[in-house]
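Structure first, then comments.
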Amino acid sequence: MKAVVITGWGRNPRLVVREMPEPGEPGPDDVVVQVRAASVNPKDWKLNYHLALLATPMLSRRLPPLFGDDLAGTVIATGRNVSDFEVGDAVYGMDMNLRTASLAERTRIKQTCIARKPASLSFRQAAAMPLAALTALQGLRKGRARAGGKVLIIGASGGVGTFAVQIARALGVRVTGVCSGRNTDFVRNLGADEVIDYTLGDYRHGAGTFDLVFDVAANESPRGCVDLIAPGGWFISTGGHARSMLGTSIYRMLGRNAANIMVAPRRKDLEILSALVDEGKLRPVIDSEFDLADIEQACQRSRTGRCRGKVVIGVAEEGPSGPVSDEP
């Protein structure tokens with residue numbers, strides 16, 4: 001089967017498509033999925049780049065080569081303990097291992113990491129959701145987002161941010177989004193009550209206070225945002241940068257309401273997201289689409305930091321459901 005692998009080591013790792021072995025028979029609690037679409041997340045290229053940078057040729061041979069987390073596709077085999085899914089079911093989900101294998105024609109995944117694909121979404125739309133939307137949902141939950149509360153979402157126009165704005169709005173939270181000036185109307189159309197253009201000055205002072213400061217861009221620390229956090233409020237970061245991770249961890253150790261969110265693949269949470277989709281309260285936003293063979297260009301697009309929503313990879317042609325509008 002065709003699959004994306006990382007090649008090389010040191011400062012010049014590359015992603016290429018190669019013929020790889022089939023995933024094999026499913027374990028007792030696994031399903032095998034014919035992948036129709038996947039997506040790119042910053043975690044993919046950040047983690048694998050730094051692994052390759054540190055690897056020797058000997059170590060790089062030992063690292064699992066398969067790549068990608070998010071997937072949407074069709075079940076083609078089930079393990080003996082799987083009772084909730086059957087061959088032919090359209091599913092979506094993610095795993096969160098060091099390197100998983102969703103950027104491949106077929107892959108094996110635990111049944112607890114997937115849910116049935118929302119019928120109103122194409123496979124490509126569904127593949128845009130799992131990691132980013134779960135991160136948004138779990139981060140808002142960790143930060144005690146509640147109806148009537150106020151949340152500031154830093155990085156509101158990106159992959160996690162577009163979901164965080166919509167989910168917070170669905171929860172009845174008053175949402176203020178932070179983004180660049182070119183994205184202010186876009187974020188407002190997602191449902192933000194107010195939008196701050198960070199290019200106009202330091203928004204961290206004078207913007208008021210919030211029950212939750214959710215830094216999905218992972219560029220800030222709770223110390224830098226102290227004027228934004230209401231008494232008893234929370235600071236949550238996706239933890240993509242060392243400064244943010246360290247600062248948030250130190251604040252947490254001091255007994256403050258701060259945490260780095262590590263996304264967990266949970267079927268119940270995927271089903272919550274599906275329900276929001278079915279209710280018309282949540283829609284994935286696709287920045288761009290690439291074929292599997294163009295994975296290097298897709299990652300380059302993600303690296304720009306200027307994506308509106310998610311970068312999606314088409315692994316196979318869309319099924320009978322066909323594509324639908326990507327407007328939120």
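Counting begins at 1 with the first residue of the sequence.
Between F123 and G73, the shortest heavy-atom distance links the atoms CE2-O, 3.5 Å. For the pair R267 and Q111, the tightest heavy-atom approach, listed with the atom from each and the gap, is NH2-O, 3.1 Å. Taking every heavy atom of both residues into account, M94 and L131 meet most closely at SD-CA, 3.4 Å. For I295 against V16, the heavy-atom pair with the smallest separation is CG2-N, 4.5 Å. Considering every non-hydrogen atom in both V35 and S102, the closest pair reads CG1-O, 3.4 Å. Residues A128 and I286 come closest through the heavy atom pair CB-CG1, 4.3 Å.
The pair R116-D89 counts as a salt bridge, with a side-chain nitrogen and a carboxylate oxygen less than 4.0 angstrom apart. Salt-bridge formation is detected for the pair R204/E220: a Lys NZ or Arg NE/NH1/NH2 atom is positioned less than 4.0 Å from an Asp or Glu carboxylate oxygen.
Note on I76 and M20: separate hydrophobic clusters, where clusters join Ile, Leu, Val, Met, Phe, Trp and Tyr whose side-chain heavy atoms are under 4.5 Å apart, directly or indirectly. Linking Ile, Leu, Val, Met, Phe, Trp and Tyr residues whenever their side-chain heavy atoms come within less than 4.5 Å leaves V32 and M1 in two separate clusters. The cluster map of Ile, Leu, Val, Met, Phe, Trp and Tyr, joined by side-chain heavy atoms under 4.5 Å apart, puts V87 and V33 in different clusters.
Atoms CD and CG, on Q166 and L273 in that order, are 10.5 Å from each other to the nearest 0.5 Å. Taking CD1 of I261 as the start and CZ of R141 as the end, the distance is 9.0 Å to the nearest 0.5 Å. Summarising the geometry, atom OG belonging to S83 is positioned 10.0 Å from atom CG belonging to D29; distances are rounded to the nearest 0.5 Å. With rounding to the nearest 0.5 angstrom, the CG atom of L15 is 12.0 Å from the CG atom of D294. Here the straight-line distance linking atom CG of L152 with atom CD1 of I196 works out to 5.5 Å at 0.5 Å rounding. Here the straight-line distance linking atom SG of C225 with atom CZ of F235 works out to 5.0 Å at 0.5 Å rounding.
Looking at L71 and I109, their side chains come closer than 4.5 Å, going by heavy atoms from C-beta outward. Side-chain contact check for T238 versus T135: some heavy-atom pair is nearer than 4.5 Å. No side-chain heavy atom of V91 sits under 4.5 Å from any side-chain heavy atom of V31. Side-chain contact between V40 and I313 is present, with at least one heavy-atom pair separated by less than 4.5 Å. In this structure, L292 and L103 have side chains that are in contact, with non-hydrogen atoms separated by less than 4.5 Å. Under the 4.5 Å side-chain criterion, counting only non-hydrogen atoms from C-beta, D202 is in contact with H205. Side-chain contact between I229 and F210 is absent, with no heavy atoms from C-beta onward closer than 4.5 Å. Residues D69 and P130 form no side-chain contact, since every pair of their non-hydrogen atoms from C-beta on lies 4.5 Å or further apart.
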Taking it one step at a time, do F163 and L134 satisfy side chain to side chain contact (heavy atoms under 4.5 Å, CB included)? CA-CA 9 Å; F163 288 113; L134 287 172; over 6 Å; no

What verdict does the side chain to side chain contact (heavy atoms under 4.5 Å, CB included) test give for R283 and L121, after you've listed the backbone C-alpha separation in whole Å, the side-chain angles of each residue and the deciding distance to 0.1 Å? CA-CA 9 Å; R283 210 72 179 174; L121 298 185; 3.6 Å; yes

Just do the side chain to side chain contact (heavy atoms under 4.5 Å, CB included) check on T184 and C179 with the steps written out, would you? CA-CA 7 Å; T184 53; C179 61; 4.1 Å; yes

Intermediate values then yes/no, side chain to side chain contact (heavy atoms under 4.5 Å, CB included), N219 and I154: CA-CA 9 Å; N219 287 320; I154 303 171; over 6 Å; no

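A 6.0 Å sphere centred on CZ of R182 holds more than 12 heavy atoms belonging to other residues, nucleotides or ligands. With a 6.0 Å radius and a threshold of 12 heavy atoms from other residues, nucleotides or ligands, E279 has its CD atom above the threshold. Within a 6.0 Å sphere centred on CD of E19, heavy atoms belonging to other residues, nucleotides or ligands number more than 12.
For the pair R301 and F290, the cation does not sit on the ring face, since its NZ or CZ is not both under 6.0 Å from the ring centre and inside 45° of the axis. A cation-pi contact, defined as under 6.0 Å to the ring centre and within 45° of the axis, is absent between K117 and Y92.
Judged purely by atom type and a 3.5 angstrom limit, R18 has no side-chain atom pairing as donor or acceptor with the backbone of V5. Put simply, the side chain of R169 gets close to the backbone of G191: a donor and an acceptor are under 3.5 Å apart. A donor-acceptor pair under 3.5 Å is formed between the side chain of S39 and the backbone N or O of A127. One N or O on the side chain of D197 and one on the backbone of T199 form a donor-acceptor pair closer than 3.5 Å. R308 places no side-chain N or O within 3.5 Å of a backbone atom of S157 that could act as its donor or acceptor partner. D215 places a side-chain N or O within donor-acceptor distance of the main-chain N or O of A217, the cut-off being under 3.5 Å. Looking at D30, its side chain does come within 3.5 Å of a backbone N or O of G27 through a donor-acceptor pair. Remark: side-chain polar atoms of E105 are paired, donor with acceptor, to backbone N or O of K2 under 3.5 angstrom. Looking at Q34, its side chain never comes within 3.5 Å of a backbone N or O of V75 through a donor-acceptor pair. In terms of modelled atom types and a separation under 3.5 Å, the side chain of T209 and the main chain of A230 share no donor-acceptor contact.
Between K310 and the options N41, D287, T162, a side-chain hydrogen bond (donor to acceptor under 3.5 Å, both in side chains) holds for only N41. Shown are R188, K150, R174; of these, the salt bridge (charged side-chain N to carboxylate O under 4.0 Å, His left out) with E194 is made only by R174.
In this structure, a donor-acceptor pair under 3.5 Å is present between the side chains of Q138 and D269.
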